[in-house]
Amino acid sequence: MTQRDEYFQVRAEKVERLREQGIDPFPARYRRTHTIAQALELLARWTERGRPARERSVSVTGRVTGVRNMGRVAFLDLRDGTGAMQAQLRRDLTGADFELLKSLDLGDFLGVRGRLIHTRTGEPTVEARSAAMLGKALRPPPEKWHGLQDVQQRLRQREADLIANDDVRERFVLRSKLVAAIRRFMDGRGYLEVETPILLNVAAGANARPFVTQHNALSRTLYLRIATELHLKRCIIGGLDRVYEIGRIFRNEGLDATHNPEFTSMESYEAYADYNDIMSLVETMVEGLASELLGTTTLEYGGATIDVKAPWRRLDLRTAILEHAGIDIDAHRDAASLAGRMREIGVVVTQEDSWGRLVDKLLGDKVEPHLVQPTFLVDYPVEMTPLAKRHPSKGGYVERFEGFVAGMEVCNAFTELNDPIEQRRRFEEQEALRVEHAEEDFDRLDEDFLTAVEYGMPPTGGLGVGIDRLAMLFSGQSTVREVVLFPHLSLSQDEMFRAVDAAIQEVLSRLPTLSQDAFYELVRNDLSAEVAARITKGELIRRAMQAFEDQSQAI
RNA sequence: GGGCCGUUAGCUCAGCUGGCAGAGCACCGGACUUUUAAUCCGGGUGUCCAGGGUUCGAGCCCCUGACGGCCCA
């Protein structure tokens with residue numbers, strides 16, 4: 001028996017023992033009178049002002065995170081969502097409930113009822129008169145002093161991470177407060193929170209590849225949204241003058257430090273506003289969030305001290321590229337010419353890159369890393385931005401900005417294009433570019449949206465904020481998966497081997513007398529694309545061979 | 001894509017020049033009425049990431065691969 005099984009079995013036996021004693025190890029309810037924070041506060045108040053004449057006993061609940069058993073008295077550390085405190089179990093005070101200790105393990109949920117006292121050492125404590133098991137744990141918690149360090153396990157079993165690591169717990173509390181504060185900020189400015197569809201006939205509104213799914217009843221292919229932009233603008237057209245949506249966006253692309261295939265955005269649209277108004281909204285909001293949540297507008301990130309206090313620097317995009325890369329993009333308005341200049345300064349480009357993509361690479365390589373202090377990069381080439389309005393005086397540019405903090409893009413905003421004729425032309429340009437540059441992502445033409453704009457759309461300022469990026473910034477994390485509770489991960493080695501072994505067993509049970517070569521082929525076909533791509537032929541053959549031998553021996 | 005580092009008990013980690021696989025926590029058995037990572041006595045529970053090679057002998061050396069971390073593109 002492995003040690004893992006032993007832990008489980010010992011605890012499972014305790015569950016049985018409790019049942020034999022007529023105790024439900026998983027009772028439906030328990031009446032608690034105080035959260036741990038409330039109990040601590042109550043005791044502090046009593047200590048200050050004296051105990052009431054008729055003192056109530058309290059009951060608190062929580063997970064057992066520590067046990068110090070001294071024979072006829074035991075001290076338990078209890079933790080609930082509000083805090084941690086000590087409970088004392090004395091044999092002479094708890095009677096039969098004292099026996100519960102024999103079936104108690106770290107990680108169990110317990111309720112205790114009794115007086116609030118300070119022990120000899122001054123520790124706030126519930127002096128239990130009764131105790132009840134509220135939920136037995138069958139697995140041991142991670143190591144109590146060092147916590148859980150293994151990154152894979154932390155991310156795959158976030159609950160264990162949260163149990164073991166206080167900083168992780170606090171980080172996700174902060175994220176939640178961040179979202180709540182953004183809502184308050186937008187609500188306070190008269191914005192209406194709306195909900196728009198996630199399943200769409202056309203995934204438009206951004207340059208990204210969508211996830212594809214199937215609606216059975218309609219026999220229709222649907223796409224998960226890659227932005228909330230187009231529907232929110234339809235709200236503006238409909239007369240909801242200020243709207244926003246906080247929600248999940250899905251983009252079918254790779255995973256890395258700053259990209260999870262599903263992420264949270266806050267998009268907002270405001271009629272009669274332009275991108276200058278939106279800049280001021282963003283800097284005001286982020287400064288306010290920092291003051292409210294962190295108590296300061298300066299934050300430490302990646303070794304830099306960043307001040308998010310408004311106003312943020314405005315930096316013209318063309319000037320920025322000129323300064324940081326020495327290239328005037330207006331002097332190289334075609335892809336071949338720009339690519340040539342970029343090669344000269346050592347930026348990796350390909351024959352197929354579109355002009356817009358080249359500019360994007362220049363930005364990413366040469367400009368963005370320098371945008372450590374909060375900066376709005378202003379006025380983007382029209383090729384990169386089909387939904388923004390042309391700049392009235394800068395030919396070839398649109399009124400668009402992106403906000404950067406710590407070299408990270410945190411928002412994207414435009415003065416929205418509200419001319420339906422030009423909007424159609426811009427979408428058509430995107431479709432043409434898609435034909436020319438098959439590997440790149442372009443926006444898609446959405447007829448329903450164009451119809452909406454044709455009804456007449458007011459001048460509008462629009463904004464998209466990456467909530468995950470903000471959460472990273474505010475919590476000092478360098479990867480998005482540390483601010484997403486359950487991030488997507490590729491398969492672990494164990495999971496891969498398990499998938500292979502399962503496929504082998506499946507084929508073996510179906511066709512036990514196959515030749516070996518045919519057998520490998522069938523197993524390989526059974527594997528998911530992800531596993532098939534990564535398992536080596538040698539590894540597959542070894543595992544199949546082993547299973548083959550095991551089976552022959554069994555027969 | 002490239003470089004460096006790592007993968008050993010449930011968890012956190014040692015393991016020297018190749019020679020019986022280790023510690024702390026956790027766990028199991030026992031003692032203990034005021035502990036705070038309780039303490040004391042006894043017990044090591046393992047696919048050393050996988051496979052192959054060298055060797056009398058491999059956790060350690062070599063090769064291939066998987067997974068992960070960091071750095072660079």
Side-chain angles (χ1 to χ4, degrees), chain A residues 1-14 64-79 84-94 98 101-108 117-128 137-157 160-161 163-165 254-257 302-303 345-350 361 364-366 369 478-479 481-482 487 489-501 530-546:
Chain A
M1 181 163 63
T2 70
Q3 192 178 2
R4 190 193 309 271
D5 296 334
E6 187 194 333
Y7 278 104
F8 190 91
Q9 188 170 326
V10 165
R11 286 168 178 241
E13 281 165 9
K14 289 177 179 174
V64 176
T65 59
V67 177
R68 293 174 292 283
N69 191 341
M70 249 134 294
R72 268 170 272 186
V73 63
F75 295 92
L76 311 177
D77 296 323
L78 283 190
R79 161 164 220 156
M85 77 181 295
Q86 180 171 265
Q88 181 196 53
L89 259 63
R90 281 168 50 173
R91 192 164 73 172
D92 58 345
L93 293 181
T94 50
F98 196 74
L101 277 176
K102 290 204 178 85
S103 307
L104 189 72
D105 291 298
L106 289 183
D108 293 350
I117 62 165
H118 284 107
T119 58
R120 231 173 259 176
T121 52
E123 181 78 12
T125 301
V126 180
E127 184 192 63
L138 293 183
R139 289 175 189 265
E143 211 255 5
K144 64 179 170 186
W145 196 239
H146 300 92
L148 184 61
Q149 300 296 327
D150 182 81
V151 173
Q152 287 295 296
Q153 199 179 339
R154 285 187 44 238
L155 300 177
R156 290 174 199 281
Q157 299 183 10
D161 193 20
I163 291 168
N165 299 320
L255 302 84
D256 67 23
I345 61 165
V347 180
V348 179
V349 299
T350 73
K361 281 186 174 176
D365 272 28
K366 298 294 175 191
S478 58
T479 65
R481 57 186 199 187
E482 290 295 356
L489 300 168
S490 52
L491 289 177
S492 69
Q493 188 182 43
D494 276 359
E495 287 168 325
M496 223 169 51
F497 287 166
R498 270 201 299 276
V500 169
D501 291 342
E530 180 177 10
V531 175
R534 286 203 276 166
I535 193 79
T536 60
K537 190 175 178 195
E539 182 77 40
L540 181 60
I541 289 175
R542 273 190 296 275
R543 282 174 182 269
M545 199 109 82
Q546 188 64 49

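Throughout, a chain's letter reflects where its sequence line sits, starting with A, and its residues are numbered from 1. Side-chain atoms are counted along with the backbone in the values below, which use heavy atoms only and exclude waters and symmetry mates.
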Which value, in whole Å, describes the distance between the [atom1] atoms of nucleotides [N] and [M]?
{"N": "A23(B)", "M": "C63(B)", "atom1": "C1'", "result": "33 Å"}
{"N": "A58(B)", "M": "C27(B)", "atom1": "P", "result": "36 Å"}
{"N": "G44(B)", "M": "A38(B)", "atom1": "P", "result": "24 Å"}
{"N": "G51(B)", "M": "G19(B)", "atom1": "C1'", "result": "24 Å"}
{"N": "C13(B)", "M": "A21(B)", "atom1": "P", "result": "24 Å"}
{"N": "U39(B)", "M": "A26(B)", "atom1": "P", "result": "8 Å"}
{"N": "C5(B)", "M": "A14(B)", "atom1": "P", "result": "15 Å"}

Roughly, in whole Å, what's the span from [atom1] in [X] to [atom2] in [N]?
{"X": "D150(A)", "N": "G69(B)", "atom1": "CG", "atom2": "C1'", "value": "10 Å"}
{"X": "R72(A)", "N": "U35(B)", "atom1": "CZ", "atom2": "C1'", "value": "16 Å"}
{"X": "D161(A)", "N": "G10(B)", "atom1": "CG", "atom2": "P", "value": "20 Å"}
{"X": "R156(A)", "N": "G69(B)", "atom1": "CZ", "atom2": "C1'", "value": "14 Å"}
{"X": "D108(A)", "N": "C27(B)", "atom1": "CG", "atom2": "C1'", "value": "14 Å"}
{"X": "D256(A)", "N": "C71(B)", "atom1": "CG", "atom2": "P", "value": "13 Å"}
{"X": "D105(A)", "N": "C28(B)", "atom1": "CG", "atom2": "C1'", "value": "11 Å"}
{"X": "R154(A)", "N": "C11(B)", "atom1": "CZ", "atom2": "C1'", "value": "14 Å"}

task = Could you pick out which residue, F75(A) or L148(A), lies toward the 5' side of RNA chain B when each is mapped onto its nearest nucleotide?
result = L148(A)
inquiry  = Which nucleotide wins on minimum distance to the side chain of Q88(A), given the candidates C32(B), G69(B), U34(B)?
reply    = U34(B)
key: Base U35(B) to side chain R120(A), donor-acceptor N/O within 3.5 Å cut-off   = no
